[in-house]
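These notes are about the structure you will find just below.
Computed over heavy atoms, backbone and side chain alike; hydrogens, waters and symmetry mates excluded. Lettering of chains follows the sequences in order, A, B, ..., and the numbering in each one begins at 1.
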Amino acid sequence: MAEVIDFKDIDRKWQTRWEKDNASHAPDRPRPDKAYYCLVMFPYPSGHLHMGHVRNYTIADVLVRYKRMNGHDVMHPMGWDAFGLPAENAAIKHGTSPKDWTYSNIAHMREMLKGLGISYDWRTEIATCDPDYYRWNQWIFLKMFRKGLAYRKEAAVNWCPSCQTVLANEQAQDGHCWRCDSEITQKNLAQWFFKITAYAQQLLDGHSTLEQGWPPEVLAMQKNWIGRSEGAEVDFAVAPDAHVQGTPTIRIFTTRPDTLFGATFMVLSPEHPLVPALTAPDKKKSVDDYIVLSKKKTTQERADLSKEKSGLFIGAHALNPVNGKRIPIFIADYVLMSYGTGAIMAVPAHDQRDFDFAKKYDLPVITVIQPPEARLPDPLTEAHEADGILVNSGPYDGLTADAAKEKITADLERRKIGSKAITFKLRDWLLSRQRYWGTPIPIIYCPTCGTVPVPEKDLPVRLPDSVQFTGKGESPLAQTDSFVQTVCPTCGGKARRETDTMDTFVDSSWYYTRYLDPKNSDRPFDPGKANAWLPVHQYIGGIEHACMHLIYSRFFHKILRDEGLLTSDEPFANLLTQGMVTLGGSAMSKSKGNVVEPSEVIERFGVDTCRMFILFAAPPRAQLEWSPQGVEGMWRFLNRVWRLTDKLSGSSQPGAAADPGLNELQIKTHQTIARVSRDIEKDFGFNTAIAALMELVNVLYGLNESQWKSAEARFAVETLVKMLFPFAPHMAEELWEKLGNTRPLSLSSDLWPKADAAVLGKSEVEYPIQVNGKVRDHLRVSPDLSQAEVLERAKAQPRAQEFLKGQTIVKEIFVPKRLINFVVKPKN
RNA sequence: GCCGGGGUGGCGAAAUUGGCAGACGCGCCAGACUCAAAAUCUGGAGCAGCUUUGGCUGCGUGCGGGUUCAAGUCCCGCCCCCGGCACCA
């Protein structure tokens, strides 16, 4: 009797069939109100598909299949984030070519992905290392170059001695290379930057449109990353001194212009351009030493709060612009040239870090803000950073801090020594990489004409194939003469190519538009095609990309919009950040030896079991702990569903009208439709949707032989199979066919069931009856009974009677369809 | 230190957003089927105490208070865990 189901066979059968039917093909143009573009963060072709990928793609596939069944036009593309370090490392280690290594990984991973039965439109497939793709990186770069949004500057950058490459600050973790973990040192190089700071305000403003569909914590992280501060810039005149030439001023940025009277010293970044001119002759030696020392430190080290702050008086003073007091000027490496103006006024009474610094160097502390209701101790034991009322501030005494900010700034503005100012923490995007396996930056350096952009007609600037990989010295491109030597497009003279390639985040910043027109050889994409689908309706990926990738692509979207290619302001309308897959509490990794191979699970149980387990074990956002027993449990559930369909008889008749069991089944079926639909649509509740399907299955197992012959039973089973389709598509197709249907579920656009409100309304309501908040009895009533009738019956229940006896009812609480509570107190 | 997220049975989790805490599943226990086991089907169980074995009573969502007829959910104050960080000048 126990039939052994060959899930693998069913997987293969339907994957072949779907491919033949073009079941996953997106329409050329979606209907405007029916478009659904579901995007997953495309994989790096490492050669291995891990469980995190499977989870990501399964979540997306559920949504996509559900949307298709509901009549949407769906775009579900797949491609490869194919440039990057591992290919180059493999080249160094094994002598392979990065190109061959990458493309063979892609071929392997494509096969594994196809085995998952995810419904991708493979016609969209792109690989970012393909010249047909990266030429458009170059094209976009040139557009930005012409607008001044791509520029070159000498800057202190993070240098990884092992990778021999520059890392953006964002890519340096705890002073170590994010990929190879080597300690980072500082080095000055001329680098290419994208001026993302020009879009800082727009990136922030865009949050108002994203609030609907993005997790609030991602928006909070981005907001902090962009880091807008409102305040004032104020010019401090340097006090005349024998060694000071002219009348220099130091511009500072402060968020607290209200505390200006409390500024008792200034601190400049050691790199500040005025430092050499202001340093007194007898301080020169120690200042130079300090600068050398701070250059050795990484930004990370300088930013480490646990380390004691060091500083050095440079032998010059400034004049506080509001009261003319002479205040000493220090340099300290915790002040960074990259934020604000690289100089601060220090107000120890109202900034804890300044307070600590003042204590260490014995500098005066002047309280200028008092809290409204208390008085601060004198001397202060810690800084008072909160708001309050101004004191010791001359004409501003008595003002609130907020009012004082306005008034002091306005007065400074009148005197032309200050103004309102806004700064951002966001820094320009350093895109230069001294690597081979990336997009060449399309720039030529001509001894006569200078920096010359490669003409568009000469794109793509191709990566040369024959390149040496030693892992040492300059980038392989810089060592390849045939690449470097060229002629100037302007004067025709001998010239050199830029040998830096682009950060791979450039590739992933606009790939979602290329999917929509992947073969276009005239433009990155056709605006008509792209705008028909964009913005992406659902983007799914890991939260680790909250700040970099997800800000960079928002920036690029706005760039492409301003180029006239896109009409929308934001690339991704809705974002789902999925949790990690763990085993034994930590993320699966080869080094920990806790990897579960997707291929092994699929080989043993079939794809649907793997999908169902992943979807059921935790909600998508939460961490997912792998459980081999849980997987087996899910396999048993699918077998249990299969056996249900064996119980249906060929010809189903409407059941006896008065059969309460069938009545209950009918109600349960419609309740399940309502629940599953709601759970999918509302917050990706796939785990509870599957739980609802399990409950329906449990009810069906309670049917007797004659009930199995009923139309109600058939309806319930067919409905179950339809609703199973997004979660376990292979098996659902097989069962659908087994039930006698010829048109596959994958081709349907109207088969998702609808709950019948009339049937739902027939369901009885069970009320808990509470007395003083404790449940004492239960009452089942028809839903159309009035409140008064329900309460009457509740009071008449025997157990309720027991607890109401001798009591006065003070209050009757009735919450429709929820509960009844009698608040009582003893009679006298 | 700052920012973000979280703490519910033996385990993964659920709770329609203030309304019966623990749905659904894993694991466990028991029964049916079987010579037996597996598979399958059926049933049981938060913890503790009492019990005339029908049940009854208390306690329970990290800890301590509070608001409310009613708190996992709201408020105040703590503790712990996870993730992120670029000294918000």
Residue [X], side-chain atoms from C-beta onward, closest of [options]:
X: A/Arg640; options: B/G19, B/C41, B/U57; value: B/C41
X: A/Leu336; options: B/C20, B/U40, B/C87; value: B/C87
X: A/Asn687; options: B/A13, B/C20, B/C24; value: B/A13

Closest non-hydrogen atoms of A/Met345 and A/Arg256, given as atom of the first, atom of the second and distance, are CE-O, 3.5 Å
With heavy atoms under 4.0 Å as the rule, sort A/Arg621 into base, sugar-phosphate or nothing.
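Nothing, no heavy atom under 4.0 Å.
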Test salt bridge (charged side-chain N to carboxylate O under 4.0 Å, His left out) on A/Asp235 and A/Arg251 and set out the steps.
CA-CA 4 Å; A/Asp235 291 336; A/Arg251 176 160 295 183; 2.8 Å; yes
Does A/Glu695 come within less than 4.0 Å of A/Arg675, counting only side-chain N to carboxylate O?
yes
Taking the nucleotide of RNA chain B with the nearest heavy atom to each, does A/Gly702 or A/Arg675 sit closer to the 5' end?
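Upstream on the strand: A/Arg675.
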Residue whose nearest RNA chain B nucleotide is more 5′ - A/Met694 or A/Asn772:
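Between the two, 5'-proximity favours A/Met694.
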Can you tell me whether the base of B/G46 sits syn or anti, using the 90° cut around 0 to define syn?
anti
Once you apply the 3.5 Å cut-off to both distances, tell me the Watson-Crick or G-U wobble partner of B/G83, or none.
B/C3
Quick one: A/Met221 CE to B/C82 P, roughly how many Å, whole number?
17 Å
A/Glu217, CD atom: more than 12 neighbouring heavy atoms under 6.0 Å:
yes
